[in-house]
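In this chain, residues are counted from 1 in sequence order.
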Amino acid sequence: MVACATKAARRPTNGHIGINGFKTHIRYPSADVSFAALTTPVENKKFDFQDDRESREQVSLSAAFLTYFSYGLLTVVGYVLEGLAKLGIGGHGLMRDPRVKEGIAPLYANFESFFTRHIYRRIRDCWNRPICSVPGCKVLLKDRYTPDNGWTFNFTGTTTECINMGSYNYLGFAENVGPCCRAAAEAIRTEGLTLASSISELGVGRAVRELEILVAEFLGLDDALVFGMGFATNSLNLPALVSKGCLIISDQWNHASLILGSRLSGASIRVFQHNNMASLEQVLKDSIIQGQPRTKRPWKKILIVVEGIYSMEGTIVNLPGIIELKKRYKAYLYLDEAHSIGAIGPRGRGITDYFGIDPKEVDIMMGTFTKSFGSAGGYIAGKKSIVQYLRSNSHATSYAAAMSPPVAQQIISSMRIIMGKDGDGEGLARIKALAANSRYFRRRLTQLGFIVYGHDDSPVVPLILYQPAKIAEFVRLMTKKGVAVVGVGFPATPLIESRARFCLSAGHTREMLDTVLEATDAIGDKLLIKYSMKPGSKKAIKYEL
């Protein structure tokens, strides 16, 4: 196998197309790797980015056992209730199986439907909670109750004001007052609500084209292309960049939009352990040596796909390490900055700004406007040749509607503030406030004895709960104390890693955060979820004494 790889490495290069849309001197980037590179290990600790800055304590055996036992008990009880309902005993709506429609094939798989009816349904009041205000630092929840144990909900006609710890409003631009709101309203008056066509049919309006120029300037890249939906930015553009005969190497915790786009592309997909450079290098080595399935020919191109901040883990990508590996093995890099653009870095310009890396080191820069910019949509940025190629060949430009003018104007206004073009320094103040809030909140949660995942500078703060019953009770009790928080469990997380996810904002005051911490502390004691044995935590100090 090594001989084959070495022979392929001598294949002449004639300036063929690399990433679709621009020239490169390497026809087979994976084959132009020396044998020495394939046999020289790369250690995680070699790079400036230190993995030990990430907080990730291992689950205790007792917590793991109780979590598995809880899910097992819920499953057994569910099957018993189903059996009794079929015999006409009890029921309580359990026979409302969405799969059962006479003469129609089941829409859902058996276990998926069972999980929804017997586990998710019991705690459904903690999800899909309607609001009747902007998702700012505070939010109005519409009060509701369920008369039939989670099958249906009725509104009470009242509302509850809560501190909002669940929205991706990182820089506090989710507002219905102020300069951004006024500019968006003016865009509606002058340009209307929508272009009512795809980009390839009628093009884009003034606001959208201005936004594309501003995004390229903001990122320090040649050109940018914007889309009306962030999810579609990944799922519809990845198939235009890679195809059959190409390889995508994906982080194991990548977002569903990246996974869907990768599958739609027809390229082969291999996965490496989350943020683990040794694992990534091993996948690169094995893929290059083995080549394509069956034919063993070199890959047409290899694309590494990662995120800047992982929204479920709160971790920051090891970008320096990935860039070094991509250069060594002649691969390309696709960076999803949905949660990092605007939210991290001294100028709020994402992961490259955070690490002080030239953005042009990344081949494809992707991000969304739904988080830090308080709007909607996404972008792809990079070399002008790549962007021009996507304008002509992406499904998102051919079939999806162009971005709405007021949506684009909201982004322009918030981005100009972040860049300091407003002249009053508000953008820099928001960036500093978010960084300070993130570090303070994480440090206090750790001191209180909770297991918190992620890196110190990440505004996404997962607090580990483990057992499914504790997800629901934590969310319900926090709501009673005036805090709206998101609970997350299987299948969005591993079975034993259910969590509450806090999202910090520059709009949160220190008093708000202290109120949230006080509520979390009290509920943590009540639910016995202070699992941390980290030095400095309450439990660790008590154990040492």
Side-chain angles (χ1 to χ4, degrees), residues 55 57 63 123 125-145 156 158-170 172 174 314 433-434 436-454 456 458-489 497-532 534 536-542:
S55 172
E57 294 183 57
I123 56 178
D125 59 298
C126 300
W127 281 272
N128 310 315
R129 295 192 290 176
I131 66 174
C132 52
S133 69
V134 295
C137 56
K138 289 192 174 182
V139 67
L140 283 179
L141 299 181
K142 294 193 69 174
D143 297 329
R144 59 181 182 170
Y145 69 95
T156 63
T158 60
T159 61
T160 299
E161 184 181 62
C162 294
I163 299 174
N164 183 9
M165 299 299 295
S167 295
Y168 302 133
N169 182 28
Y170 297 135
L434 175 62
N437 284 348
S438 300
R439 297 189 190 106
Y440 173 75
F441 194 75
R442 280 180 171 277
R443 183 173 67 251
R444 291 290 294 120
L445 283 179
T446 301
Q447 291 171 349
L448 290 172
F450 296 100
I451 292 181
V452 178
Y453 281 1
D456 289 345
S458 170
V460 180
V461 185
L463 185 153
I464 303 305
L465 301 173
Y466 293 125
Q467 298 168 42
K470 292 184 178 181
I471 308 174
E473 197 61 16
F474 183 83
V475 172
R476 291 165 183 161
L477 291 176
M478 289 291 281
T479 303
K480 288 181 180 179
K481 288 184 175 290
V483 180
V485 65
V486 173
V488 189
E497 292 185 12
S498 299
R499 63 199 65 178
R501 186 180 59 183
F502 297 93
C503 293
L504 279 300
S505 170
H508 290 135
T509 64
R510 187 57 56 89
E511 291 74 21
M512 289 180 184
L513 296 183
D514 286 339
T515 298
V516 175
L517 288 165
E518 183 180 346
T520 307
D521 186 25
I523 294 170
D525 288 331
K526 183 175 183 178
L527 298 183
L528 303 177
I529 55 176
K530 295 183 177 181
Y531 300 104
S532 179
K534 208 172 184 179
S537 68
K538 279 187 175 181
K539 190 172 182 179
I541 292 173
K542 183 178 179 180

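Distance check, rounded to the nearest 0.5 Å: CG of Leu517 to OH of Tyr440 gives 6.0 Å. The structure places OG of Ser505 at 12.0 Å from CD1 of Ile163, a figure rounded to the nearest 0.5 Å. Taken to the nearest 0.5 Å, the CG atom of Leu465 stands 5.0 Å off from the CD1 atom of Ile529. In this structure, the separation between CG on Leu513 and CZ on Arg444 is 11.0 Å, given to the nearest 0.5 Å. The distance from the CD1 atom of Ile451 to the CG atom of Leu445 is 12.0 Å, given to the nearest 0.5 Å. Distance check, rounded to the nearest 0.5 Å: CZ of Arg442 to CG of Asp456 gives 6.5 Å.
Contact check on Lys530 versus Asp525 returns a salt bridge, with a Lys/Arg side-chain nitrogen under 4.0 Å from an Asp/Glu carboxylate oxygen.
Residues Lys481 and Thr520 form no side-chain contact, since every pair of their non-hydrogen atoms from C-beta on lies 4.5 Å or further apart. Side-chain contact between Ser133 and Lys138 is absent, with no heavy-atom pair separated by less than 4.5 Å. Taking the side chain as every heavy atom from C-beta outward, Leu141 and Ile131 approach each other to under 4.5 Å. A 4.5 Å side-chain heavy-atom check between Asn437 and Tyr170 finds every atom pair outside the cut-off. Annotation: side chain of Met165 is not in contact with side chain of Met512 (no heavy-atom distance under 4.5 Å).
Under a cutoff of 6.0 Å and an axis angle of 45°, Arg499 and Tyr453 do not form a cation-pi pair.
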List the atom pairs, with distances to 0.1 Å, where a side-chain N or O of residues 468-475 and a protein N or O form a donor-acceptor pair under 3.5 Å, not counting sequence neighbours.
residue: Lys470; atom: NZ; partner: Leu527; partner atom: O; Å: 3.0
residue: Lys470; atom: NZ; partner: Leu528; partner atom: O; Å: 3.4
residue: Lys470; atom: NZ; partner: Tyr531; partner atom: OH; Å: 3.2

Mind running side-chain contact (heavy atoms from CB on, under 4.5 Å) on Val139 and Ser167 for me, showing each step along the way? CA-CA 10 Å; Val139 67; Ser167 295; over 6 Å; no
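Closest heavy-atom contact between Val516 and Phe502: CG1-CE2, 3.9 Å. A pairwise comparison of heavy atoms in Arg501 and Val485 identifies O-CG2, 3.8 Å as the closest pair. Summarising the geometry of Arg129 relative to Ala484, their closest heavy-atom pair is NH2-CA, 4.0 Å, with the distance given to 0.1 Å. Taking every heavy atom of both residues into account, Cys503 and His508 meet most closely at O-CE1, 3.6 Å. Contact record, Asn169 with Ala174: OD1-N, 3.0 Å, taken as the closest heavy-atom pair. Between Arg510 and Ala436, the shortest heavy-atom contact is NH2-O, 4.5 Å.
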